[in-house]
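Indexing begins at 1, ligand by ligand and atom by atom, following the structure's order.
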Amino acid sequence: MKTAVFPGSFDPITVGHVELVKRAVPLFDQVVVAVGVNSQKSYLFDLEQRMQWLREVFADEPKISVDSFEGLTAHYCRKIGARYLLRGLRNASDFDYEKTISQLNEIVGEGLETIFLISQPAYSHISSTIVREIIKGGGDAGPFLPAGITFHRTM
Ligand code: ADP
């Protein structure tokens with residue numbers, strides 16, 4: 001079984017995430033969208049809310065499941081038997097950051113391979129950070145959110 005983990009904060013999920021995962025589905029038997037929980041980090045939306053949105057968005061995709069994990073991504077991948085990580089690249093700063101992380105994961109994960117997909121041009125300006133800023137500023141984040149996502153602010 002060829003399993004890929006797509007790890008992230010998904011605070012909140014955006015149309016950029018969805019586009020990336022859907023393009024990855026044909027490449028793997030299973031894609032696990034996994035919310036990494038970092039107790040040092042504060043989030044705009046709580047874990048349960050973020051996971052519920054992910055479950056809703058991918059409800060019709062039998063090859064996609066949703067989970068959460070604490071600790072190192074590489075350890076989580078080993079635990080569930082995933083040999084691949086999926087990450088998206090939007091620009092050169094994503095590349096610089098992701099390159100180092102993927103090299104570390106290859107060592108810590110004993111051969112864990114990171115597969116990168118470059119975002120489509122229409123999505124490369126979209127990030128959860130920007131969406132959070134729009135929401136905090138009282139703007140309409142609708143164009144960046146998957147259909148059906150509505151807000152129940154937790155912070
Ligand atoms: P993290 O906190 O780990 O960066 P994110 O939820 O922000 O988690 O992102 C998870 C993954 O989704 C990252 O690999 C990121 O590059 C990718 N990603 C986020 N937004 C987009 C987008 N608009 N297009 C393509 N990939 C994206």
Side-chain angles (χ1 to χ4, degrees), residues 3-28 30-58 61 63-77 79-80 82-106 108-109 112-136 139-149 151 153-155:
T3 302
V5 168
F6 182 46
S9 307
F10 306 106
D11 187 30
I13 182 166
T14 70
V15 286
H17 293 126
V18 176
E19 187 265 334
L20 199 85
V21 182
K22 291 202 168 164
R23 279 166 58 210
V25 162
L27 308 176
F28 301 99
Q30 194 191 8
V31 177
V32 181
V33 182
V35 185
V37 179
N38 179 347
S39 54
Q40 311 295 322
K41 219 169 147 180
S42 65
Y43 300 97
L44 184 59
F45 297 102
D46 67 28
L47 176 63
E48 195 37 55
Q49 174 66 90
R50 285 177 279 146
M51 289 188 67
Q52 193 187 315
W53 280 331
L54 290 169
R55 284 189 216 104
E56 278 168 29
V57 169
F58 298 119
E61 301 275 351
K63 285 167 75 177
I64 301 177
S65 59
V66 174
D67 196 6
S68 67
F69 67 97
E70 281 183 60
L72 297 181
T73 309
H75 290 171
Y76 170 72
C77 290
K79 190 179 107 187
I80 67 162
R83 300 306 307 146
Y84 302 92
L85 272 175
L86 172 67
R87 295 289 286 178
L89 296 178
R90 288 162 290 193
N91 48 45
S93 19
D94 272 358
F95 174 79
D96 282 344
Y97 174 76
E98 297 288 344
K99 174 177 170 240
T100 312
I101 302 284
S102 75
Q103 288 166 336
L104 290 171
N105 277 327
E106 204 274 334
V108 178
L112 181 63
E113 284 286 4
T114 306
I115 306 296
F116 294 104
L117 293 184
I118 293 180
S119 72
Q120 287 186 344
Y123 296 92
S124 60
H125 60 293
I126 301 173
S127 68
S128 294
T129 308
I130 295 292
V131 170
R132 287 196 301 275
E133 290 309 311
I134 293 171
I135 293 167
K136 285 182 197 165
D140 176 17
F144 308 113
L145 300 172
I149 300 292
F151 291 114
R153 282 281 299 273
T154 52
M155 277 175 66

Asks: Within ligand 1, which atoms have a heavy atom of Phe10 less than 4.0 Å away?
Replies: 6 (O)
Asks: Is there at least one pair of N or O atoms, one from Ser9 and one from ligand 1, spaced under 3.5 Å apart?
Replies: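 Among all N and O atoms of Ser9, at least one is under 3.5 Å from an N or O of ligand 1.
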Asks: When you measure from the side chain of Lys63 to the backbone N and O of Val25, does any donor-acceptor pair fall under 3.5 Å?
Replies: yes
Asks: Please state which option from Gly8, Gly88, Ser119 has its nearest heavy atom closest to atom 25 (C) of ligand 1.
Replies: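 Going through Gly8, Gly88, Ser119 one by one, Ser119 has the nearest heavy atom to atom 25 (C) of ligand 1.
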Asks: Name the option, out of His17, Arg87, Arg90, that contains the heavy atom nearest to atom 3 (O) of ligand 1.
Replies: Arg87
Asks: Relative to each other, are the rings of Trp53 and Phe45 parallel, tilted or perpendicular (30° and 60° limits)?
Replies: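 The rings of Trp53 and Phe45 stand perpendicular, inter-plane angle above 60°.
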Asks: Pull out every atom of ligand 1 sitting under 4.0 Å from any heavy atom of Ile126, numbered as shown with elements.
Replies: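 Near Ile126, the atoms of ligand 1 are 20 (N), 21 (C), 22 (C), 23 (N).
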Asks: Decide yes or no on side-chain hydrogen bond (donor to acceptor under 3.5 Å, both in side chains) for Glu48 and Gln52, but give the supporting numbers first.
Replies: CA-CA 6 Å; Glu48 195 37 55; Gln52 193 187 315; over 6 Å; no
Asks: Specify side chain, backbone, both or neither for Arg50, according to which of its non-hydrogen atoms lie closer than 4.0 Å to ligand 1.
Replies: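 For Arg50, there is no contact with ligand 1 at all, from either part.
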Asks: Give a yes or no answer on whether the side chain of Asp67 reaches the backbone of Ala34 with a donor-acceptor pair at less than 3.5 Å.
Replies: no
Asks: Counting N and O atoms only, with roles assigned by atom type, does the side chain of Arg23 sit under 3.5 Å from a partner on the main chain of Ile118, one being a donor and the other an acceptor?
Replies: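 Side chain of Arg23 to backbone of Ile118: a pair is present.
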Asks: In ligand 1, which numbered atoms sit nearer than 4.0 Å to a non-hydrogen atom of Pro7?
Replies: 10 (C)
Asks: Can you tell me if His75 uses its side chain to pair, donor with acceptor, with the backbone of Leu72 under 3.5 Å?
Replies: no
Asks: Using a 3.5 Å distance criterion without hydrogens, assess whether the side chain of Ser128 forms a donor-acceptor pair with backbone atoms of Pro12.
Replies: yes
Asks: Could you list the atoms of ligand 1 found under 4.0 angstrom from a heavy atom of Phe6?
Replies: 11 (C), 12 (O)
Asks: Do any N/O atoms on Ser124 end up under 3.5 angstrom from N/O atoms on ligand 1?
Replies: no
Asks: With a cut-off of 4.0 Å, which atoms of ligand 1 are near a heavy atom of Lys41?
Replies: 2 (O)
Asks: Counting heavy atoms only, which part of Asp94 comes closer than 4.0 Å to ligand 1: side chain, backbone, both or neither?
Replies: side chain
Asks: Would you verify whether the NZ or CZ of Arg50 falls within 45 degrees of the ring axis of Tyr43 while also being under 6.0 Å from that six-membered ring's centre?
Replies: yes
